[in-house]
Amino acid sequence: MRLALFVSGTGSNARTIIDRFQAHPEDGVEVVLLVSNKATAGALAMATERDVPTLVLARKDFYETEELLQDLASFRVDFIALAGFLWLVPAYLVQAFPQRILNIHPALLPAYGGRGMYGANVHRAVKEHGETESGITIHYVNEKYDEGNTVFQAAVRLDPEDTPEQIAERVLRLEHANYWRVLRRLAD
Ligand code: GAR
């Protein structure tokens, strides 16, 4: 599997995935490109340090042209994993990679998904509703936020005392432990 990771921020999931597959070539997954919609994303330096080529997306190019498809083809990308990528994926990209784009979401979808539900917003909402568990959802991407078929879910019990920051930390640990495993399974 020749994987492209799409990110918008810190890229801790992207880092975990790159480190895993660089250390374990026998897994059969190579991260060949990291795409960011933010020129300032910490993930860009992280990828460069690891010799993974990077690409910064401009909103206009992403939504008004299909140039990205040529870039992905030039790296022979055959699978995409969104790892904290906050822009809606346009139809041309979904259609070019049918059942070949995954996303990770920091909650148990369909709860706490949809537009505006990302990062800290999700954990604050989970806390406000007094949920006793949260978790992660790894799902295929379609043209709507957080609505493609679910591939994997895992839950964590929450303590009533947990702050949104503590929930975030526990959920992120679950993401790091599972995203690469799901990608390896799909590569198989
Ligand atoms: C992760 O928790 C991911 O699930 C979330 O953004 C964070 C990115 O962290 N994604 C969404 O909320 C998508 N709706 P990272 O940049 O450290 O990997």
Side-chain angles (χ1 to χ4, degrees), residues 3-22 29 31 33-50 52 54-57 59 62 79-90 93-94 101-129 131 133-156 158 162-184 186:
L3 181 66
L5 295 171
F6 280 44
V7 304
S8 298
T10 322
S12 72
N13 274 287
R15 187 191 63 231
T16 310
I17 290 167
I18 292 170
D19 286 348
R20 166 70 203 187
F21 293 131
Q22 286 190 341
V29 181
V31 180
L33 182 66
L34 180 132
V35 177
S36 170
N37 67 328
K38 268 201 190 158
T40 54
L44 289 167
M46 177 281 295
T48 303
E49 275 165 23
R50 288 161 173 78
V52 174
T54 60
L55 186 76
V56 176
L57 276 182
R59 178 176 275 276
F62 190 48
F79 206 97
I80 294 171
L82 311 185
F85 182 71
L86 303 182
W87 285 358
L88 188 65
V89 174
L93 189 53
V94 174
I101 309 178
L102 274 193
N103 180 42
I104 190 160
H105 186 79
L108 296 170
L109 291 175
Y112 303 104
R115 187 177 282 277
M117 273 294 170
Y118 58 85
N121 296 347
V122 174
H123 307 299
R124 272 197 295 270
V126 165
K127 171 75 185 171
E128 274 164 22
H129 284 82
E131 299 288 355
E133 65 170 18
S134 189
I136 65 170
T137 303
I138 296 172
H139 64 93
Y140 285 112
V141 168
N142 64 17
E143 288 143 35
K144 295 188 182 149
Y145 275 115
D146 304 327
E147 285 191 16
N149 291 341
T150 294
V151 178
F152 177 88
Q153 284 191 310
V156 273
L158 300 181
D162 283 341
T163 63
E165 292 72 27
Q166 286 167 321
I167 299 172
E169 219 178 278
R170 294 174 59 196
V171 168
L172 195 62
R173 270 209 297 275
L174 209 54
E175 296 185 36
H176 294 170
N178 286 288
Y179 207 1
W180 66 266
R181 284 179 207 278
V182 171
L183 287 163
R184 184 178 63 178
L186 293 178

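Numbering of ligands and ligand atoms starts at 1, following listing order. Residue numbers run from 1 in the order of the sequence given. Just so we're clear, the structure is a prediction, and the values are computed from it rather than from any experiment.
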Residues in contact with ligand 1, criterion: heavy atom under 4.0 Å = Thr10, Gly11, Ser12, Asn13, Gly84, Ile104, His105, Pro106, Met117, Tyr118, Gly119, Leu172, Glu175
Could you pull out all residues at least two apart from Ser12 that satisfy side-chain hydrogen bond (donor to acceptor under 3.5 Å, both in side chains)?
-> His176
Verify side chain to side chain contact (heavy atoms under 4.5 Å, CB included) between Glu175 and Ile138, making sure each step is shown before the conclusion.
-> CA-CA 9 Å; Glu175 296 185 36; Ile138 296 172; over 6 Å; no
Angle class for the Phe62/Phe6 ring planes (parallel below 30°, perpendicular above 60°, tilted otherwise)?
-> tilted
So, Gln153 side chain and His139 main chain: donor-acceptor pair closer than 3.5 Å or not?
-> no
Return all side-chain donor-acceptor pairs below 3.5 angstrom for residues 113-126, not counting sequence neighbours, or 'none' if the list is empty.
from	atom 1	to	atom 2	distance (Å)
Asn121	OD1	Arg124	NH2	2.8
Asn121	ND2	Gly116	O	2.9

Report the residues that fulfil side-chain hydrogen bond (donor to acceptor under 3.5 Å, both in side chains) with Asn178, sequence neighbours left out, ordered by chain and then residue number.
-> none
